[in-house]
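Have a look at the structure below, then the notes.
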Amino acid sequence: MQPVVQAIVAMPIVLPPTVLGFYLLVLLGPRGAVGEIWGRWGGGPLVFSFAGLVIGSVIFSLPFVVRPLQGAFAASGRRPMEAAATLGAGPLDRFATVALPLARRGYLTAATLCFAHTVGEFGVVLMIGGNIPGETRVVSIAIFDLVERMQYGAAHRLSAGLVVFSFLVLLVVSAVDRRWRAL
Amino acid sequence: MAGALRSRAGRRDGGRAEARSGGVLGRLSFDRPGFRLAVELDLPERGVAGIFGPSGSGKTTLLRCVAGLEPGARGRLEVGGELWQDDATGHRTPTHRRPLGYVFQESSLFTHLSVRGNLRYGWRRVPERRRRLHPREAARRFGLERLLDRRVDDLSGGERQRVALARTLLAHPRLLLLDEPLASLDDTARSEILGELERLVREVEVPVLYVSHDLGEVGRLADHLLVLDRGSVVAQGPLTELLTRLDLPLAGRPDAEAVLEATVGGHDEEFHLTRLDSEAGPLWVPGESVEIGWTVRVRVLARDVSLTLARQTGTSILNIVPATVAELREEDDAQTLVRLRVGEAALLARVTRRSAQHLGLRPGLELWAQVKSAALLR
């Protein structure tokens with residue numbers, strides 16, 4: 001079972017974003033399996049909305065979170081969990097007090113990769129978001145639009161903003177990582 | 001501690017366990033491709049049972065089965081009168097509900113916690129009314145007070161194992177499983193921790209299973225011995241008896257030894273010697289460090305015992321005791337191993353085959369055993 005789950009989770013790495021975006025569009029649309037149920041429960045439209053964008057982003061960035069986390073948990077090995085069990089900690093208890101904290105550097109890697117991947121994503125966002133100003137327009141697509149319209153000045157402002165923002169995020173991440181390593 | 005632990009146990013097996021001996025009783029088997037462990041255990045409720053055998057004989061696997069860490073373990077296990085596993089009824093107490101302490105071969109401390117956090121981990125999970133030992137007290141006993149706020153990665157190997165031992169005791173176990181706790185240490189740390197272990201196993205009121213492939217360690221710590229080879233029990237019984245049995249691999253080792261129980265009978269103040277009244281008669285050992293009346297153990301190596309038909313007088317050897325040959329075994333072309341009955345006890349002597357022939361050694365022969373050196377173990 002594990003290989004199947006692993007393969008499904010890793011699919012977004014391999015698939016072209018347009019393919020993923022297309023199927024999400026079909027699934028989340030008002031006639032799609034998910035979109036219809038969502039609508040029946042009183043949810044608003046999923047495609048071409050911010051909510052749909054978030055769902056799409058979660059799915060296509062999943063492998064970038066799952067892989068590092070899986071690696072981090074595997075790296076701690078079985079021994080700490082066994083030791084915790086012999087000290088009287090039940091399964092949930094030892095997961096929360098041993099496995100989670102031991103894998104803490106994995107979350108950081110996962111969050112960083114996920115962030116990088118999400119900020120840069122274009123295809124999926126365009127397919128299910130549709131680039132509606134004020135609703136589903138993301139920075140990367142906005143920059144593309146501006147360049148298309150030859151508005152280099154505005155494109156510069158957005159691009160530079162993204163560069164600074166990304167740098168600051170990575171700075172915080174590596175500072176936290178240093179501290180966690182020293183713990 | 002026992003009463004409180006029993007109530008915890010009673011909740012989970014619904015009082016099915018009969019109150020019997022407080023020891024370790026069971027029949028466990030475990031299969032892995034190319035290896036099968038099948039062991040019957042019957043160990044008393046107090047004292048240290050040494051589990052001895054070459055590497056790959058299943059010592060660690062046995063401990064893991066007892067701890068419930070091997071899902072593939074089959075059979076029945078009862079500890080301190082509580083049923084921990086019985087495949088006949090499908091009962092199996094999960095590891096975290098077995099009141100046991102496990103010290104792993106390599107330190108298994110939690111690297112995300114400080115020394116203090118490690119010590120408190122098991123302790124916090126013990127109900128308050130059952131706690132007898134406080135982390136502060138444990139830290140003092142194991143000399144960890146200065147280290148409480150340190151990260152465990154910064155500790156030396158010896159310090160780490162001391163933390164592991166203290167952490168285990170603070171979980172208030174009813175059975176202690178020690179898996180070669182000294183194996184990963186250098187000689188200095190080893191002898192230091194061995195002393196602490198010795199004190200610990202004498203003080204705890206629960207059975208201890210001590211895995212080792214070091215005969216010296218086992219001789220110092222164990223009261224009972226379980227000899228494993230390729231997954232089966234070759235012999236189990238009192239240490240002193242098993243050490244001197246010629247049919248077991250123990251006596252065949254270069255460091256074959258006999259261990260005697262003794263009380264400190266007196267001191268020779270002029271020559272700084274101590275007289276030990278052992279089951280084999282009085283033995284003199286150098287030093288006066290142990291007080292009169294104490295119970296101690298003496299180790300006599302087979303290679304330190306020589307035999308003579310007439311009592312020697314002009315000799316430097318202090319300890320000469322009358323003995324009877326009980327059994328002989330030719331080890332190879334050159335050496336013969338002799339089991340001697342000395343008073344109530346047994347000693348081993350390793351002599352050359354030529355000497356054996358020259359002296360006419362045979363079972364029942366009365367002679368003198370000259371003990372060149374005897375080591376005081378505790």
Side-chain angles (χ1 to χ4, degrees), chain A residues 1-6 65-114 170-183, chain B residues 5 8 12 60 63-64 66-71 93-114 117-127 130-131 149-154 160 163-164 166-179:
Chain A
M1 197 57 209
Q2 205 194 347
V4 178
V5 174
Q6 246 169 3
V65 174
V66 172
R67 285 294 174 103
L69 282 185
Q70 203 181 14
F73 282 113
S76 323
R78 264 193 330 179
R79 181 49 53 77
M81 292 295 270
E82 289 182 347
T86 66
L87 291 167
L92 277 178
D93 183 356
R94 55 184 187 260
F95 180 74
T97 55
V98 176
L100 281 181
L102 278 180
R104 63 181 185 269
R105 291 185 66 198
Y107 317 138
L108 214 54
T109 315
T112 313
L113 282 175
C114 177
L170 290 177
L171 197 66
V172 169
V173 163
S174 83
V176 172
D177 189 48
R178 265 178 77 109
R179 170 160 297 187
W180 279 1
R181 202 173 340 175
L183 267 179
Chain B
L5 286 170
R8 178 181 170 189
R12 54 172 188 268
T60 296
L63 278 206
R64 293 178 56 84
V66 170
L69 292 173
E70 289 295 345
T93 307
T95 300
H96 68 277
R97 296 235 174 86
R98 299 183 183 195
L100 55 83
Y102 199 131
V103 176
F104 296 86
Q105 195 165 344
E106 73 284 11
S107 144
S108 52
L109 300 179
F110 302 128
T111 50
H112 64 293
L113 297 175
S114 64
N118 271 279
L119 292 184
R120 292 174 58 91
Y121 193 91
W123 183 78
R124 273 174 37 210
R125 287 163 173 80
V126 176
R130 245 186 55 210
R131 293 178 188 162
D149 293 312
R150 294 268 287 275
R151 312 170 20 176
V152 297
D153 283 339
D154 294 340
R160 273 204 280 268
V163 176
R167 179 179 75 170
T168 301
L169 279 193
L170 281 165
H172 294 70
R174 195 167 177 191
L175 170 68
L176 254 184
L177 306 173
L178 308 177
D179 188 1

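The analysis underlying the following values was restricted to heavy atoms, covering all of them including side chains, and did not include hydrogens, waters or symmetry mates. Keep in mind that what you see is a predicted model, and the values were worked out from it rather than measured.
At a 4.5 Å heavy-atom cutoff, A:Ser76 makes no contact with chain B through either its backbone or its side chain. Heavy-atom distances place the side chain of B:Arg64, and not its backbone, under 4.5 Å from chain A. Looking at A:Arg78, only its side chain comes within 4.5 Å of chain B, counting heavy atoms on both sides.
Annotation: the span from B:Leu170 atom CG to A:Leu87 atom CG amounts to 9.5 Å, rounded to 0.5 Å. Remark: A:Thr86 OG1 to B:Leu177 CG distance equals 8.5 Å, nearest 0.5 Å. With rounding to the nearest 0.5 angstrom, the CG atom of B:Leu69 is 8.5 Å from the CZ atom of A:Arg79.
In the displayed structure, A:Leu171 atom CG is contacted under 6.0 Å by more than 12 heavy atoms of other residues, nucleotides or ligands.
Residues B:His96 and A:Pro91 have side chains in contact (heavy-atom distance under 4.5 Å, counting atoms from C-beta outward). B:Arg125 places a side-chain heavy atom less than 4.5 Å from the side chain of A:Asp93. With contacts defined as side-chain heavy-atom distances shorter than 4.5 Å, the pair A:Glu82/B:Tyr102 does not qualify. Counting heavy atoms from C-beta outward, B:Tyr121 and A:Val98 have side chains that approach closer than 4.5 Å.
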